[in-house]
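First listed ligand is number 1; within each ligand, the first listed atom is number 1. Residue numbers run from 1 in the order of the sequence given.
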Amino acid sequence: MLSGDKAIELWEQVRQKLKIEAGDTVFSNWLGLMVLSSFSHGKIVIAVRSKFHKDWIEPRYGNRIRTLWQGLSKDVYSVNLIVDESLTGKSSKKLEDSSSSILNLSSPLDPRYTFEKFVVGPSNNFVSAAAERIAESDDVTFNPLVIYGGVGLGKTHLMHSIAWKIRESNPNRRVVYLSAEKFMYQFVRALRQQDTMVFKEQFRSADVLMIDDVQFIAGKNSTQEEFFHTFNALVDQNKQIIVSSDRSPTDLEGIEERLRSRLGWGIVGEIHQTTYELRLGILQSKSDDLKNCTIPKDVIEFLAHKITSNIRELEGALKRLVAHSQLVGRPVTLESAHDVLHDLLRVNSRRVTIDAIQKKVAEYFNIRLSDMSSPRRARAVARPRQIAMYLAKQLTSKSLPDIGRTFGGRDHTTVMHAVNRIEELSIEDSLLADDIELLKRTLDP
Ligand code: ADP
Ligand code: MG
């Protein structure tokens, strides 16, 4: 299925192609004035500003526009032109009574991104509670809400959930949701068309303004300036602002101090790295939604254990398993999961580094980190060093010579000896076995 962002990106490509094919004059008078109005379930709706425009464009370019869309994505089923007179934009009466011009500013929302489908755990419960609270209440008490967290951890999902919820509970509130990139793009276009008044009015008539991935405007000074003024104008009118960012407001470099500090005024909620339980919950929920496929419990646990980077990757893994099972006509098993996800599992397991192992082991046995690579052979440092080598072999995909090099340029036979020695010892010595088990668990949870 096409996401909203993808639809916008494809629309831009369609526009560029039309511009080349039809030439600048036709483009600037007719085709360039079309706006992507909505997108859902493969149905693209494009708005033109009058019946006159529609009657001109449809017979000449209608089929071409369809072909271009369908050439870019198999997920596009239909492309329709509609008339939206508010696009003339200049009359402010239209702006007041039409939420459709606002809808044109706003990016389409993904129907799967709702609160119902958002699984809550310790890593996201604070921010999701704040998000629900804001979505449910018409009062603006927390302003702005900043949702921040690493890639693929659910920022966009939460943003869409808020927008859906507000639209559902109070359809009169005008919600504008778009990425910072699209905000910039709209702004630049308004500048080019000398339409900044309309641009400003449209954004300032929003009741809830949501900007996704605000870090994008870092360093883009005029866009930032415009956003700052929009921000202030809305806050002055007691309108809600919600932004997401891949880092906390204090860490946003390239953002002017006054904007940065203002972003920190409201609630700043972080989405942390996932926990095993959350990953389990998400996989459970996603696999319950699958129609023709069941995922055995051991496979779900295996994925939750192994794929720790982010939720997007976790979902991607699940999708691959399902696709593979449908392709070969066999059910998903632990074995097929190992096979199909081979590369993904390696990337995820490479997350434990030798550095981390050396540090942890040195800490644990209370020796200096430098002793990991020193030539000292005293038992008190040699044994922990061997344990660290053993763990490096077990927990990373590094070769013996590579491991040797990171331990002060030792030979690969030394590493092999260490690995064998620790294996033997841990059979006889249950205390040592416990130490190793504990270290393993802290390094590779
Ligand atoms: P971000 O915007 O932070 O990069 P997304 O919101 O695009 O991340 O999330 C990536 C994928 O993971 C989406 O498909 C989303 O539905 C899913 N996802 C993220 N967090 C959750 C969650 N808590 N529960 C269910 N699905 C989630
Ligand atoms: Mg996102």
Side-chain angles (χ1 to χ4, degrees), residues 1-9 39-41 75 106-133 135 145-165 176-185 209-218 242-249 251-252 268-290 295 300 303-304 306-323 344 348:
M1 202 156 108
L2 269 179
S3 68
D5 285 350
K6 189 73 193 162
I8 292 161
E9 190 187 313
F39 166 83
S40 77
H41 301 294
D75 295 335
S106 204
S107 293
L109 299 175
D110 191 318
R112 295 163 308 170
Y113 291 176
T114 59
F115 280 122
E116 287 72 37
K117 295 272 170 219
F118 192 81
V119 182
V120 179
S123 58
N124 60 21
N125 59 359
F126 171 76
V127 60
S128 77
E132 274 199 82
R133 180 99 185 256
L145 168 66
V146 178
I147 299 172
Y148 86 90
V151 63
L153 293 180
K155 300 182 295 295
T156 298
H157 189 137
L158 259 189
M159 297 279 273
H160 285 214
S161 304
I162 299 173
W164 280 121
K165 184 92 190 184
V176 173
Y177 163 85
L178 75 173
S179 64
E181 187 175 1
K182 194 174 175 216
F183 179 86
M184 179 182 91
Y185 168 69
L209 176 63
M210 308 180 72
I211 305 279
D212 206 350
D213 287 320
V214 79
Q215 77 278 352
F216 180 83
I217 62 169
I242 302 167
V243 304
S244 83
S245 163
D246 70 355
R247 61 208 84 156
S248 89
D251 292 337
L252 276 170
V268 179
E270 179 174 3
I271 307 189
H272 300 272
Q273 288 298 326
T274 57
T275 59
Y276 175 72
E277 283 71 24
L278 182 71
R279 296 196 292 276
L280 211 55
I282 288 172
L283 286 167
Q284 201 71 60
S285 138
K286 309 251 172 202
S287 62
D288 288 349
D289 288 348
L290 294 172
I295 311 289
I300 290 192
L303 294 180
K306 290 289 181 185
I307 302 185
T308 53
S309 46
N310 67 52
I311 301 168
R312 188 171 299 135
E313 265 193 21
L314 199 60
E315 269 190 328
L318 191 64
K319 279 189 197 143
R320 259 164 73 180
L321 288 186
V322 173
L344 206 66
N348 274 274

Side chain, backbone, both or neither: the part of Asn124 lying under 4.0 Å from ligand 1 by heavy atom: side chain
Where ligand 1 meets Val119 - atom numbers and elements under 4.0 angstrom, heavy-atom basis: 22 (C), 23 (N), 24 (N), 25 (C)
Salt bridge (Lys or Arg N to Asp or Glu O under 4.0 Å) partners of Arg320, counting only residues at least two apart: Asp343
Contact with ligand 1 for Gly149, non-hydrogen, under 4.0 angstrom: no
Salt bridge (Lys or Arg N to Asp or Glu O under 4.0 Å) partners for Glu315, two or more places apart: Lys286
Atom 20 (N) of ligand 1 [closest protein heavy-atom partner, distance rounded to 0.1 Å]: Ile311 CD1, 3.2 Å
Arg112 bridged to Asp289 by N-O distance under 4.0 Å: no
Structural part of Thr156 in contact with ligand 1, heavy atom criterion under 4.0 angstrom: both
Those atoms of ligand 1 less than 4.0 Å from some heavy atom in Gly150: 3 (O)
For the Mg ion (ligand 2): protein N/O/S atoms at distances below 2.8 Å: 1
For Lys286, the ligand 1 atoms whose distance to one of its heavy atoms is below 4.0 Å: 16 (O), 17 (C), 25 (C), 26 (N)
Residue, atom name and distance, where the atom is the protein heavy atom closest to atom 6 (O) of ligand 1: His157 N, 2.8 Å
Inter-residue atom distance Thr156.OG1 - Tyr177.OH, 0.5 Å rounding: 4.5 Å
From Phe126 atom CZ to Ile147 atom CD1, the distance as rounded to the nearest 0.5 Å: 11.0 Å
Whether Phe118 and His157 hold their rings parallel, tilted or perpendicular, with breakpoints at 30° and 60°: perpendicular
Qualifying residues under salt bridge (Lys or Arg N to Asp or Glu O under 4.0 Å), relative to Asp288, sequence neighbours excluded: none
Contact check, side chains of Thr274 and Ile282, non-hydrogen atoms, under 4.5 Å: no
